[in-house]
Amino acid sequence: MNYKIVEKDKGIVIEGIKDFVPEHILDCGQSFRWVLEDDKSYTGVAMGRVINVNMEGNNVIFNNTDLDDFKNIWYDYFDLGRDYGKIKEKLSKDDVLKEAIKYGEGIRILNQDEWEILISFIISANNRIPMIKRAVNNISQRWGKHIFYNGKTYYSFPKPDVLANATADEIKECGTGFRAKYISETAKMVSKREVDLYGLKDIGYENARQELLKFPGVGPKVSDCILLFSMGYYKAFPVDVWVKRVMRHFYVAEDVSLKKIEEFAQDRFKDLSGFAQEYLFYYARNSMGKDELEQMSTNK
DNA sequence: TTGCAGGGGTCAA
DNA sequence: TTGACCCCTGCA
């Protein structure tokens, strides 16, 4: 990649990076643990650490890390080894994607922790983003480890064994609602290794998906999110309400099922389906109104 | 002020 | 294929 990594006081600066906009990456629905600060930077908890990300011109500044952690953790987490320019070039052959990419040009798909993403997306079912964030935060605050940064206390996401030992009622108290029993049961299954969660990235998309569907609270959409956001299966195309709206608006008829929409996208976008999904999601959610999207398009 | 619909789906019938 | 589901917010 054509950028330069420079060490600075308590942080790292990447000079001249392309295809990296913190807002696009951290506010496109793939992660629930980032907070927008007054100075427009983002502070997040991931991989048991706190990191702050800011953008100045063509430079991205990572505060509260060092070169070792950057190489070992954040380089992979922020997917910095991938050429998003090439991905965008390929996807831009599609007219709708070309437009969508203009809105989310700096999107990257993070490589997040499988376990945290599994639980976070169980919580996401029939829920709203602020509520999801609150529940994940509450769980972390109750069972995670303290991390101090910049005068504030942050909390890591607790390990499977810890949540497996919590009761469903305690999990419900964190604001998870009817999903509490799913989380409790899932934590026990992971803890007992009934499913080898951390081995799923090596067994292929279809197999990994079948394994994920064994967890209560994990259906087609949630499993696709886990596959895409934590396991590197870029063929996955999660169809949530926004993607459904944008797909029906631009590509398929109004009565096409969610399963058919996914198949249509995977046939069209192949191994780049997951990237296409993120651009479309961001585009639909940030630049088009719900009503606008639900009007039928004329140029199918 | 109160009441009600609905939300990044999944489960059970 | 359809309704229930926690719980909070937005809007009559």
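Chain letters run A, B, ... following the sequence lines, proteins first, then strands; residues in each count from 1.
Note: NZ (Lys181(A)) to P (dC11(B)) measures 10 Å, nearest angstrom. One can place CG of Asn286(A) at 13 Å from P of dG8(B), the figure rounded to the nearest angstrom. Counting to the nearest Å, the P atom of dG8(B) and the CZ atom of Arg128(A) are 7 Å from each other. Following rounding to the nearest Å, Ile226(A) (CD1) and dG8(B) (C1') show an atom-to-atom distance of 13 Å. Regarding Arg134(A), its CZ atom lies at a distance of 18 Å from the P atom of dG7(B), rounded to whole Å. Put simply, CG on Asp169(A) is 11 Å from P on dC7(C), counting in whole angstrom units. Distance CG (Asp240(A)) to C1' (dG9(B)): 10 Å, rounded to an integer number of Å. Asn138(A) places its CG atom 14 Å from the C1' atom of dC6(C), with the value rounded to the nearest Å.
Note on ring orientation: taking the six-membered ring where Trp is involved, the planes of Phe78(A) and Trp74(A) are tilted (angle from 30° to 60°). Phe148(A) and His146(A) have tilted rings, their planes meeting at an angle from 30° to 60° on a 0 to 90° scale. The aromatic rings of Phe269(A) and Tyr251(A) sit perpendicular to each other, their planes meeting at more than 60°, with 30° as the lower class boundary.
Where stacking is scored as ring centres under 5.5 Å apart with planes under 30°, Phe281(A) registers as stacked on the base of dG8(B).
At a cut-off of 3.5 angstrom, counting only N and O atoms as typed in the model, there is no donor on one side facing an acceptor on the other between the side-chain of Asn127(A) and the base of dC7(C).
Looking at the side chain of Phe178(A), the nearest of the listed nucleotides dC6(C), dT10(B), dG8(B) is dC6(C).
For dC6(C), there is no paired nucleotide, since no Watson-Crick or G-U wobble pair has both relevant distances below 3.5 Å.
If you check every strand for non-hydrogen atoms under 4.0 Å, Pro130(A) touches nothing. Counting non-hydrogen atoms under 4.0 angstrom, Phe215(A) reaches the backbone sugars and phosphates but no base. Among the atoms of the strands shown, base atoms are found under 4.0 Å from some heavy atom of Gly177(A). Across all strands shown, Pro220(A) has heavy atoms under 4.0 Å from sugar-phosphate atoms exclusively, and none from any base. Here Val218(A) lies in heavy-atom contact (under 4.0 Å) with sugar-phosphate atoms only.
A salt bridge links Glu173(A) with Arg142(A): the closest approach of a Lys/Arg side-chain nitrogen to an acidic carboxylate oxygen falls below 4.0 angstrom.
A distance of about 25 Å separates the P atoms of dT2(B) and dC6(C), rounded to the whole Å. For the P atoms, the distance from dT1(B) to dC7(C) is 23 Å, rounded to whole Å. The same atom, P, is picked in dT10(B) and in dC8(C); the two are 22 Å apart, to the nearest Å. Atom P of dG8(B) sits at a distance of 24 Å from the matching atom of dT1(C), rounded to the whole Å.
Residue Ile129(A) is the one, among Leu213(A) and Ile129(A), whose nearest nucleotide of DNA chain B lies closer to the 5' end (criterion: closest heavy atom).
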Starting from the C-alpha separation in whole Å, work towards a yes-or-no answer on salt bridge (charged side-chain N to carboxylate O under 4.0 Å, His left out) for Asp224(A) and Arg209(A). CA-CA 7 Å; Asp224(A) 269 341; Arg209(A) 191 174 205 207; 3.2 Å; yes

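Of the N and O atoms on the side chains of Gln266(A) and Tyr205(A), at least one donor lies less than 3.5 Å from an acceptor on the other residue.
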